[in-house]
Amino acid sequence: MRSGSAIHQSDAIIVLPAIADGFVTDRRVRTWLARADFEMTSAPQEMLSRVVEAVAQPACRDGMAALRFWGQTGERPTAWVAAADPVHFEAQLDHLRLQCLWPGEWRDEELQQLFEELQAALAGNDDNGFVCLRSCGYFRDNASMPTAVFSPETMDGCNPLDILPAGVAAARFQSLLSEIQMTLHQSVVNQRREDQNQRTINSLWIWGGGVAAEKISRDLPHLFADDAVLRGYWLSSSAETASWPGSLDDCVAQAPHGFVAVTPNQGATADEHAAVLTAYLRDSQRVLKDSDLRGLTLLFRRGPAVRIQPRQIFRVWRREMPNFQSSASA
């Protein structure tokens, strides 16, 4: 949040599913939200950047993949590493379009097999190269190179050629990407996916390259999240972190004076998405009313930041929320 919307220590920051017109089905919740302070932005931002800004800590300029690796393993990576996530490049009439492949579309075993094929074809017996940790892929190397800045989830639907590194400095990156795509084209995994009428994994999205900084101590609220990037930042800051406990009530019970909570980002139909979002908002409204929290900051995925304080209930002239462009992936 910008200056003037300072976060108090007794606040909660809650990351919620994407919001769009028609996604909040409870009239009372819509009225509650209408009286809040909205901060809209059209520029792409990783959720880590938004959360770090909300807790008034330094932005993470690079090395986001190293933080994710740290969050997954609990250990700080000591070498340069980039995220290498499965995507589908869809050919349009005059450009490509990046399409995320959500976890439900493929099995972890498929990604593991793809990375074994890539390692054998492009890295051999080198200790560096391609590695798969459950549903996340990585590329490790002794030398750094430019990579995409944002995750595929953040850039879903964009033309990848507009946002991938280019020019002389990116020659090594472009060569690697070409070799990856040729290897994936020949993969038995993709041949099987084509036979089953599934979208192929025809590229990897190489992003967030860098080296993890040394661990330091930051004054951060308790984090409840399964998001590996955020967990990595908290671990790098010597701060308390735990998995999502199942409800906002559990978060309040464990950290009554303030916390950051990241609700699960589950794929669903539009109706299911709306029901889940509305339920989280009802819980948020109740938690603010019944706890000692002084305020809430709601960060909607690919959407606005909303600042809510108890005194805003007196803004009786506000009855309608802003209109939102539909940005939720349902």
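- Side chain of Asn190 to main chain of His185: no donor-acceptor pair is present (N/O by atom type, distance under 3.5 Å, no hydrogens or angles).
- Minimum interatomic distance between Ala212 and Arg76 (heavy atoms only, all atoms of both residues): O-NH2, 2.8 Å.
- Taking CG from Leu176 and CZ from Phe130, the interatomic distance works out to 5.0 Å, rounded to the nearest 0.5 Å.
- A side-chain donor-acceptor contact under 3.5 Å links Arg50 to the backbone of Pro304.
- Within the 4.5 Å cutoff, no side-chain heavy atoms of Trp70 are placed close to those of Trp234.
- Closest of all the heavy-atom pairs between Thr147 and Gly209 is OG1-N, 3.0 Å.
- Looking at Trp244 and Thr263, their side chains come closer than 4.5 Å, going by heavy atoms from C-beta outward.
- A side-chain donor from one of Asn142 and Asn128 sits under 3.5 Å from a side-chain acceptor of the other.
- With Thr278 contributing its side chain and Thr25 its backbone, the two residues share a donor-acceptor pair below 3.5 Å.
- Side chain of Gln72 to main chain of Leu133: a donor-acceptor pair is present (N/O by atom type, distance under 3.5 Å, no hydrogens or angles).
- Transitive grouping of hydrophobic side chains (ILVMFWY, heavy atoms separated by less than 4.5 Å) brings Tyr233 and Ile13 into a common cluster.
- Side-chain atoms of Pro245 and Cys251, non-hydrogen and from C-beta on, do get closer than 4.5 Å to each other.
- Using a 4.0 Å cut-off between a side-chain N of Lys or Arg and a carboxylate O of Asp or Glu, Asp195 and Arg192 do not qualify as a salt bridge.
- Evaluated for a side chain to side chain contact (heavy atoms under 4.5 Å, CB included) with Phe300, the options Val15, Leu277, Ile14 yield exactly one hit, Leu277.
- Screening Arg294, His257, Gln309, Arg307 against Asp11 for a side chain to side chain donor-acceptor pair (under 3.5 Å) leaves a single residue, Arg307.
- Closest non-hydrogen pair, Gly137 versus Leu111, comes out as N-CD2, 4.4 Å.
- Pairing each heavy atom of Phe150 with each of Trp205, the nearest pair is O-NE1, 2.8 Å.
- Side chain of Ser237 to backbone of Ala239: no donor-acceptor contact under 3.5 angstrom is found.
- In the hydrophobic clustering of ILVMFWY residues, with side-chain heavy atoms under 4.5 Å counting as a link, Ile201 and Val131 come out apart.
- Using a cut-off of 4.0 Å between Lys/Arg side-chain N and Asp/Glu carboxylate O, Arg301 and Glu153 are scored as not salt-bridged.
- Heavy-atom minimum distance, Tyr138 versus Phe69: OH-N, 3.3 Å.
- Rounding to the nearest 0.5 Å places CD1 of Ile206 at 4.0 Å from CD1 of Ile180.
- Side chains of Ser247 and Asp250: a donor on one and an acceptor on the other come within 3.5 Å.
- At distances below 3.5 Å, at least one donor-acceptor pair connects side-chain atoms of Thr31 with backbone N or O atoms of Arg27.
- At a cut-off of 3.5 Å, with distance as the only test, a side-chain donor of Glu46 or Ser151 sits close to an acceptor on the other residue.
- Contact detail for Ala66 and Pro77: the closest heavy-atom pair is O-CG, 3.5 Å.
- Looking at Ser178, its side chain never comes within 3.5 Å of a backbone N or O of Gln174 through a donor-acceptor pair.
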